Amino acid sequence: MKVFVTGGTGAIGRFVIPALIDAGHEVSALARDDAKASSLEAQGTHPVHVSLFDVEGLTAAFAGHDAVANLATSIPPTKAAFKAAWEMNTRIRKEGSTAVVDAALAAGVPRLIQESISFMMADGGDRWLDEDSPVDAPPGIDAGLVAERNAARFTEAGRAGVVLRFGFFYGPGSAQSDEFLRAARRHIGPRAGRPRAYQSSIHLADAASAVVATLEMPVESASGVYNVVDDEPMTKKAYANALGEAVGKRPWIYLPGRLTRLVGNSSIVVTRSSRVRNDKFKAATGWRPKYRSARDGLLARDTADA
């Protein structure tokens, strides 16, 4: 299958591209500059110099492809509580996803994969959340809903629009988990919100394998929204303790705790309780995460040493 990837040099893209190539797919990817183009080419990918916001350029780039995976994001790591930190991501989610869908439709691409986030869902406390659970995305984060609506528009045009709602990324190359691990080495347990609130995560390698699994779904039945998270969400305190265990440092303090709420409405996404199910995606694809929980993934050598 010929697959075009946006965000191929980002955190998840660096895992997705080799996974696609290993699965036998022919991959092209958006390159914003010569350095990124060289990196993509070295992986066996065909780099294409085009802007994410250029519909005409994207249409030409997408021609002849069987699928487009729109993985372009700019999600901030530890500054996610601040609305201003989401400005570029907002433009990518709104203008970028609109341009990608317009171009994919014009180019006749039959399948679109749109990256999204599971933590747009409202606080669920101890309850399990699924794809039908209420969404509560504050300003700055609600751009993800625009991207999801664009994928739905792709489906309404008679194509297969797939939305993958990923949990919190972690693993080598994740700015968030790298910063958390640095804090853990200083005996600080990074924790936003209530200690017993849940956090649903996904290792970048498992996120990449989910993208590959999506391409194996029959195009006529692939459309829809799917949660892509690990099997065992952890409480925020347990996650902080797992970070300490990964680097061999017991947390002495937990920060910022409930103080995160003081910075504004955007902090909701990092303080809320998000205990998310992945049953729908597993049933549709047969996909299984390599790491059942973030603790398993954090204790893997490649993650702890990042």
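Residues: numbered from 1 along the sequence shown. Bear in mind the structure is a predicted one, so any value in this text is a computation, not a measurement.
Formation of a donor-acceptor pair under 3.5 Å by the D130 side chain with backbone atoms of S133 is found in this model. Of the possible polar contacts, one joining the R14 side chain to the G173 backbone as a donor-acceptor pair under 3.5 Å is found. Without hydrogens or angle criteria, T45 side chain to P47 main chain gives no donor-acceptor distance under 3.5 Å. A donor-acceptor pair is defined here as one N or O able to donate and one able to accept, closer than 3.5 Å; such a pair exists between the side chain of S200 and the backbone of S274. When atom types are taken as modelled, the side chain of T155 and the backbone of G161 share a donor-acceptor pair closer than 3.5 angstrom.
One finds no salt bridge joining R165 and E131 here, because no Lys/Arg side-chain nitrogen approaches an Asp/Glu carboxylate oxygen to under 4.0 Å. Salt-bridge check for R288 with D206: failed, with every basic side-chain N at 4.0 Å or more from each acidic carboxylate O. Using a 4.0 Å cut-off between charged nitrogen and carboxylate oxygen, R272 and D123 do not count as a salt-bridge pair.
I188 places none of its side-chain heavy atoms less than 4.5 Å from the side chain of W252. Counting heavy atoms from C-beta on, the side chains of F168 and V229 never come closer than 4.5 Å. Under the 4.5 Å side-chain criterion, counting only non-hydrogen atoms from C-beta, S209 is not in contact with F15. At least one side-chain heavy atom of Y239 sits less than 4.5 Å from a side-chain heavy atom of S201. At least one side-chain heavy atom of S97 sits less than 4.5 Å from a side-chain heavy atom of Q114. A 4.5 Å side-chain heavy-atom check between V5 and L20 finds at least one atom pair inside the cut-off. In this structure, the side chains of F4 and V48 come closer than 4.5 Å at one or more pairs of heavy atoms. Considering only heavy atoms from C-beta on, D230 stays 4.5 Å or farther from H203 through its side chain.
The nearest pair of heavy atoms linking S273 to R194 is CB-NH2, 3.5 Å. Nearest heavy atoms, L105 versus R159: O-NH2, 3.4 Å.
Other residues sharing the hydrophobic cluster of Y198, ordered by chain and number and joined by side-chain separations under 4.5 Å: none, the residue standing alone.
Counting non-hydrogen atoms of neighbouring residues, nucleotides and ligands closer than 6.0 angstrom, the CZ atom of R275 exceeds 12 such neighbours. Enclosure of atom CD in E41 is not indicated, since only 12 or fewer non-hydrogen atoms of other residues, nucleotides or ligands lie within 6.0 angstrom.
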Item to complete: Under the side-chain contact (heavy atoms from CB on, under 4.5 Å) rule, what do V276 and M121 come out as? Steps first, then yes or no, please.
Response: CA-CA 9 Å; V276 180; M121 287 186 278; 3.8 Å; yes
Item to complete: Using the salt bridge (Lys or Arg N to Asp or Glu O under 4.0 Å) rule, take D126 and R196 through it: C-alpha gap first, then chi angles, then the decisive distance, then the call.
Response: CA-CA 9 Å; D126 292 338; R196 289 188 291 180; over 6 Å; no
Item to complete: Step by step, work out the side-chain contact (heavy atoms from CB on, under 4.5 Å) result for V109 and D66.
Response: CA-CA 6 Å; V109 177; D66 302 296; over 6 Å; no
Worksheet item: Going through the checks in order, is the side-chain contact (heavy atoms from CB on, under 4.5 Å) test met by F281 and V162?
Response: CA-CA 11 Å; F281 187 67; V162 180; 5.8 Å; no
Worksheet item: Would N150 and T98 count as a side chain to side chain donor-acceptor pair (under 3.5 Å) if you check the C-alpha gap in whole Å, the side-chain angles of each, and the deciding distance to 0.1 Å?
Response: CA-CA 6 Å; N150 275 319; T98 300; 2.9 Å; yes
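Side-chain contact check for D279 and Y226: no donor-acceptor pair (N or O, by modelled atom type) lies under 3.5 Å. Looking only at atom types and distance, the side chain of N70 has a donor-acceptor partner in the side chain of T6 under 3.5 Å away.
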